Amino acid sequence: MKSFRKILVLALSFVLTFTLAACSGGGSSEGGSSASEGGIDDSKNVKIGVLVADATGAEALAFRSYYENYIAKQYNVTFMYSDELTDAAAEASAIDNFIANNCKAIISFASSDRPAQIRKCAENKVYYAVATGTLSDEEYAEFKDNEYYVGAIGPDLATEFQAGYDMAKFYLDQGKTKFAIFGGATPYYTDMHIYRTAGMLVAMCEAGGGTYNGASDFGSMIGKIYEMNCQLEPAKIGSVEVVSYIGGYDFDDAWFGKLAEAANNPNVEVLLTVGSGLDTFAAFKQESQQLATVDSYTSDAVAAMKSGVLNYLAGKYSASIGPIFMATLSAVQGKPIRTANGEALALSQGYWVATSAEEAEKFYAVDSSTEDPAYTRAMLDTLFGASYDDFAKFVSAYSFEEIQNLKK
Amino acid sequence: MSKGKRLACTAAIPLLVCVITNLICMAKGVAMFESSLHVLTLIRAVANVILVTYALSINLNSGRFDFSVGSIALLSSVLSSAITLKYGLGPVPMLALSLLFGLLLGLLSGFVYITLKLPPMIISLGVALFYEGLAYSITDGHGISFINNKELLGFGTIPNYLIIIVCALIFMVILFDQTTFGYDYKALLSGQRVAVNTGIKEKKNALICYGAAGLLMGAQGFISATTTGSIQMSLNFGSIGIMFTAFLPMFIGGYIGRFSNDKLGYLLGAVSMAFISLTYVRLMVNSSVQQVVSALLLVGFLIYLNNEQRILSLFRKTH
Amino acid sequence: MDNEKILKREKLRRMLFSFAPAAGLVILFALFMAFAIAQDINIPYSLKNILNQSVIVIVVATGAIFIYTLGSFDISLGANMCVSALIGAMVYGRTESLVMMLGACIASAVIISLTCSVLASVFNLPVFVTTIAMLSLLNAAVLMLIGANGTGDIIQVPAEAVSSINTIQFKLFVLLAYLAVCVFAFSFLKLGRQEKFMGGNPVCAALSGLNNSKLAICAFALAGLGVGLGAFLTITYAPTLSRNTAGSVGMDVIISIVFGGMPVSGGARSRIYSASIGALSMTLLSQIMLMMNLNSGISQMVKAVIFLLVVFISMNDGRKTILPR
């Protein structure tokens, strides 16, 4: 009898949990009204699956917020999010889930196996787009003519290299010569971080008049990093020095110890990070040191800029995924945006770089706004069914000032 | 065994580890302790490892495997830091809150265990998932950051960590060696059915065990949060990794416990691990090598522990 | 007469509870269908999807049942699967033979599994802790293999090479064949009975002449076979492998086994089909969560509650006087 009572209590908890969960669940968007002037058909809900590689990072959450709190309210679309996807099999499963749930398109932030993602989507006549990333040249050549491949908009590897280069150069131009570098996922052969690190090292080679283990330009630096199995080391580069280098995301005592050791080295003037600057060096940084990172504009990052904990922030603005959404919607509603040769989009977009608290605040105010974000509906509507040239022109004007001008 | 011999056996492992790691560093041309930062790194590592070791050992010694210790540290630090930041409190109130929430979360976990009467591993899996999900929901996935709060970040000093370590040791010794609860705990360890039949209240004992483990993990969560100034969210058992750091110190502690007190043994085990960790820092050893070395040390020590008599008799034969 | 009634009622109660995991599966399936119909999803595709998502976990978890029946535990299954898949892919890269790839996957997995159990047997180590150490070693091995292959952060098998076997029919064939082997070994050979005896009462089993080491080696070998097959199926489903491949399989196996009603301490109540029921149930639950489009945190909390509820019902034994360990 006692056990049946327990079962009843648990069953009631189960029903209550499910009810609460159901009440808090997402549903079809009620955003948008009838077809706009641009020809967008808002009468029918469009389900779009979103492949997520990172469910907890600030950048990923900012992107999700833009889609859920702005786009889904402006347009008659429903976004369906995957769990955090860490490998190709999980991505394949997630795409299968979206297809089963009648998603008309998939926007991908996950990059374990993009070709497989595109093939699966194309087989099932679901449109596929890459947000905040790009395909390699070989991959693009394979899929550019596929009608279900919408395209990719995001920082390409050259842009990533430039981000690292600009970051290091900013401080080299100030006469700084002693650096500590956090290489992030470089030891895991992650291209994005490898190229950013390479950019930093090339800038140092140019300023210091030396080489990093024999490499000094873009091509040779990438080669050198791979030759070293992506396990970089401190080195003297002419008059500049990489005093300390830490890579990986171990999050154990030894890892924090290495970060603290690097930050507490009295010789280190600047702490450069390919990402996660606030989670790595920030807590150990000395007041006299400068900290630079590639990350998103969050309230914490802005507060860190104000307090001087963070000094340089290169960030993807959350609305940067607006154009790829519009390109996807355009494709779904029969107005795909293709090049003159009928090929898919392959457009690069860079970062907003803030080197002062005022700049960071200015960027954040726009980036976090759910009423007036960087790309509003009015701006995105101009992209619906636009020509490739107009679309490319819009996307290439990604700096803060250019976007403000576009708004006017 | 004479007192001297006991003392020697107790101190043997940490001393040996200290000497060997120092020699390795010297061989590479690096001094292990070049500045007070290295002492801080060592003490911080001891504090982190000993708290997890104590928390895990409380239940593991009773045959209760607990995957949820990491999630308790996560959730208690989320709750305590959220309140601290909202009301502008300092590090000591935050620590107190973390301890309180750790205790409550541990008690809740224990309550679920004694109510559902499921194998503890299963309970811990469900609890870990639940606490991780709750922490994520509370922060909406963003985690918590107080990187600009110098007061909270400033807690991480050698004296403060030493206080926590000593308090944890005293807490464990008093609770498990000087109270009726401790005697009941040991009775249940060695003969569960007999102990229950003699009138020991097993449920109350289990509840206190879970509460104590939660309290210790609350402290660990606080240390972790105030080290980096941020708390990252975990989903899908992302928080369980922390418990694996406790196994080697536990086995070392179990060995040392033969010659003195096992709680002291766990502490010395944590000190040994901290020396190894500091060596990784000083020599900038990469992650793969660290994992291999840690795994080999664990297996090597276990082989010795489980074959001690065989090895000693072999040693005696050859000499 | 009263005693007879009580005995009958008790028998009926035990029988009902033994079917609880299967009932849970049926309920979850019914819920899934209800949501699917309400949301008008592509049900045939979804069912195929559920099978695709479950088959790898079922195969690995079914093999792991042999380990759990002994009262043991292996936390390194996911890492083992990742290493085996990487080795299999590297072998394919050199031989372009699917058969060689399959052989390499199985051989690596079995060797790794046996290494664990032999180490534990020869040196009298607790099996579980040996698997924890093995987990660290395998994680390091993954990075070394990827680095050694020299193709960046992935090791890839051409999609065309596996497309012919990336079908439901092939996966079902592998699954059913392996299940048949396991069911036969567990239920019709003395291996199964001996393992249950050893898991239920190691002292009596040893005194009866059973050799724990031999049984452990057999169990780990069979589990290794499952891991190898799982690695092969992973390559066919997603031929791009990285350091995170099979990252969640370790915990998925434990959850599936428990969810399917398998007692964690092993023994006589072990069931070979627990993994199948558990894996399918977990996949259905994930599908339901997805259809509800919940926040990740809330979704996980709901899963946790349902997990505990289902396991509670399936493992309910009202006459426990002491707490389980």
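Model, not experiment: these values are computed from the prediction.
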**Request:** Select, from A/Ala185, A/Cys230, A/Ser93, A/Pro187, the one with the greatest count of heavy-atom pairs under 4.5 Å involving chain C.
**Result:** A/Ser93
**Prompt:** Can you tell me if CZ on C/Phe170 sees more than 12 non-hydrogen neighbours from other groups inside 6.0 Å?
**Reply:** yes
**Request:** Nearest 0.5 Å please: distance from the CG atom of C/Asn49 over to the CD1 atom of A/Ile95.
**Result:** 11.0 Å
**Prompt:** Relative to chain C, which segment of A/Asp191 carries a heavy atom at a distance below 4.5 Å: side chain, backbone, both, or neither?
**Reply:** neither
**Message:** Can you tell me how far apart CG (C/Leu143) and OH (A/Tyr189) are? Round to the nearest 0.5 Å.
**Reply:** 8.0 Å
**Message:** As an exercise, state the distance from CG of C/Asn42 to SG of A/Cys103, rounded to the nearest 0.5 Å.
**Reply:** 11.5 Å
**Request:** Apply side chain to side chain contact (heavy atoms under 4.5 Å, CB included) to A/Thr78 and C/Asn293, showing your working.
**Result:** CA-CA 10 Å; A/Thr78 302; C/Asn293 211 8; 4.3 Å; yes
**Request:** Given side chain to side chain donor-acceptor pair (under 3.5 Å), test C/Asn244 with A/Thr86 step by step and report yes or no.
**Result:** CA-CA 6 Å; C/Asn244 292 318; A/Thr86 52; 5.3 Å; no
**Prompt:** Looking only at heavy atoms, what is the nearest atom pair of A/Ala88 and C/Thr240, with distance?
**Reply:** CB-O, 3.3 Å
**Message:** Contact between A/Tyr188 and C/Ile146 at the side-chain level, heavy atoms closer than 4.5 Å - yes or no?
**Reply:** no
**Asked** Is there a donor-acceptor contact under 3.5 Å linking the side chains of A/Asn97 and C/Gln53?
**Response** yes
**Complete:** Honestly, the part of C/Gln156 sitting under 4.5 Å from a heavy atom of chain A is side chain
**Message:** Heavy-atom cut-off 4.5 Å, strictly under: side chain, backbone, both or neither for A/Ala116 against chain C?
**Reply:** neither
**Prompt:** Is it the backbone or the side chain of C/Thr245 that comes under 4.5 Å from a heavy atom of chain A, or both, or neither?
**Reply:** both
**Which atom of C/Met291 lies closest to which atom of A/Met80, heavy atoms considered** = CA-CE, 4.2 Å
**Message:** How long is the straight-line distance from OG of C/Ser163 back to CD of A/Glu123, given to the nearest 0.5 Å?
**Reply:** 9.0 Å
**Prompt:** Taking C-beta and beyond as the side chain, do C/Met289 and A/Asp83 meet within less than 4.5 Å on heavy atoms?
**Reply:** no
**Item:** Pair A/Asp96-C/Tyr237, side-chain donor/acceptor within less than 3.5 Å
**Value:** yes
**Message:** For C/Lys48, I'd like to know if atom NZ has over 12 heavy atoms of other residues, nucleotides or ligands within 6.0 Å.
**Reply:** no
**Message:** Among A/Val52, A/Ile99, A/Thr190, which residue has the highest count of heavy-atom pairs closer than 4.5 Å to chain C?
**Reply:** A/Ile99
**Request:** Output the distance between atom OH (A/Tyr226) and atom OG1 (C/Thr151), rounded to the nearest 0.5 Å.
**Result:** 9.5 Å
**Message:** Does any backbone or side-chain atom of A/Asn102 lie under 4.5 Å from a heavy atom of chain C? Answer side chain, backbone, both or neither.
**Reply:** side chain
**Side chain to side chain, C/Thr234 and A/Asp87, heavy atoms closer than 4.5 Å** = no
**Message:** Heavy-atom cut-off 4.5 Å, strictly under: side chain, backbone, both or neither for C/Ala148 against chain A?
**Reply:** neither
